[in-house]
Amino acid sequence: MKIKLVTSAGFCFGVKRAVNLAVKAAEDYPDQTIYNLGPIIHNPQVVKNLEAKGIHPLDSPKDVDHGIIIIRSHGVTRQELSQLNNNPAITVIDATCPFVRRAQEIVARMKEEKYQIIIVGEKHHPEVEGLISYGDPDHTLAISGPEEMPVEVVKHQKKPHKIALLAQTTQSYENFNRVAECLLPLKGETRCFNTICNATSDRQQESLAIATETDCMIIIGGFSSANTTRLYQLCKAIQPCSYHIEIPEQLQAKWFADMHTVGITAGASTPKWLIEKVIHEINNLS
Ligand code: SF4
């Protein structure tokens, strides 16, 4: 069976940077306890490997009063960050991806300029919670799509308004544009900021192209990874034989019966070694 691998599959720039910073911290501070606030990336296998190097996950900054703390690639809330920075016994290593940081800065600036801020994304995702924390709580909200557009916003059609629109980095352009289209007929000013990460959209486009050319698609990545789940949904919409797995052991031989070509893609948090193990296992099963 022929295997086609999406060339942009796996670690993106931000994740690579976060993992490298974590590994370097373990080397630079061998005698100190190192924590990462929330999983540094959404891949349980990588998190396990980092734990073996002495880097421990931490749910809340309230749980520690000293040590080295690494901020995950998709950021934390403004309150959490300042709480950590204000503790002299804590050294903060900020591995927030520069693309996420830029979106946080846009929210902070739009707050200063008194815009109603709308973020297109999953409201309970840590990245979105982080973005919301940089805005004014009464004028910053997250919606998953145009159907969640609040009546208050639409009601202001008759009055000029100031709306700033941005997106969680893993959003699709299609969904973001649908929300933007709802706002354009409103009177006043709507500012749209493209905060979608190209690493995500490039990987999505390449994966879709491979999904149309193959008999089956395997999408590798953490089940809690937003970008992997999105990748799976997009592939599944055009290739019904699409399967989301975290580890090679989850592959099933029956998926490959009578298949001639299989496409492989992976989310931004999936390491190269895991992709190689999956390819090896598919070759064994077919
Ligand atoms: S997916 Fe994009 S925004 Fe997210 S960590 Fe990677 S490079 Fe940064």
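Values below: every heavy atom of this structure, side chains too, minus hydrogens, waters and symmetry copies. Remember, it's 1-based here, ligands and their atoms both numbered in the order they're listed.
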Next item on the list: With the side chain counted from C-beta on, respond yes when Thr228 and Glu246 share a heavy-atom pair under 4.5 Å apart, and no when they do not.
Entry: no
Check: By number and element, which atoms of ligand 1 are closer than 4.0 Å to a non-hydrogen atom of Gly14?
Finding: 5 (S), 6 (Fe), 7 (S), 8 (Fe)
Note to self: Please list, in number order, the atoms of ligand 1 under 4.0 Å from a heavy atom of Thr169.
What the structure shows: 3 (S)
Next item on the list: May I ask you to identify, for Thr200, whether its side chain, its backbone, both or neither come under 4.0 Å of ligand 1 on a heavy-atom basis?
Entry: side chain
Item checked: N-O pairing of Arg178 and Glu147 below 4.0 Å -> yes
Item checked: NZ/NE/NH1/NH2 to OD/OE distance under 4.0 Å, Arg230 and Glu122 -> no
Notebook entry, point to check: Under 3.5 Å, is there a donor-acceptor pair between the side chain of Asp215 and the main chain of His260?
Noted result: yes
Checklist line | Shortest protein heavy-atom distance from atom 8 (Fe) of ligand 1, along with the residue and atom involved | finding: Cys97 SG, 2.3 Å
Next item on the list: Could you check atom 6 (Fe) of ligand 1 against the protein and tell me its nearest heavy-atom contact, residue, atom and distance included?
Entry: Cys12 SG, 2.2 Å
Check: Counting backbone and side chain alike, does Cys197 bring an N/O/S atom below 2.8 Å of atom 2 (Fe) of ligand 1?
Finding: yes
Notebook entry, point to check: Is atom 4 (Fe) of ligand 1 less than 2.8 Å from an N/O/S atom of His74, whether that atom is in the backbone or a side chain?
Noted result: yes
Next item on the list: Verify side chain to side chain contact (heavy atoms under 4.5 Å, CB included) between Ile264 and Ile282, making sure each step is shown before the conclusion.
Entry: CA-CA 10 Å; Ile264 296 183; Ile282 292 174; 3.6 Å; yes
Item checked: Distance-minimising heavy-atom pair for Gln116 and Thr140 -> NE2-N, 4.1 Å
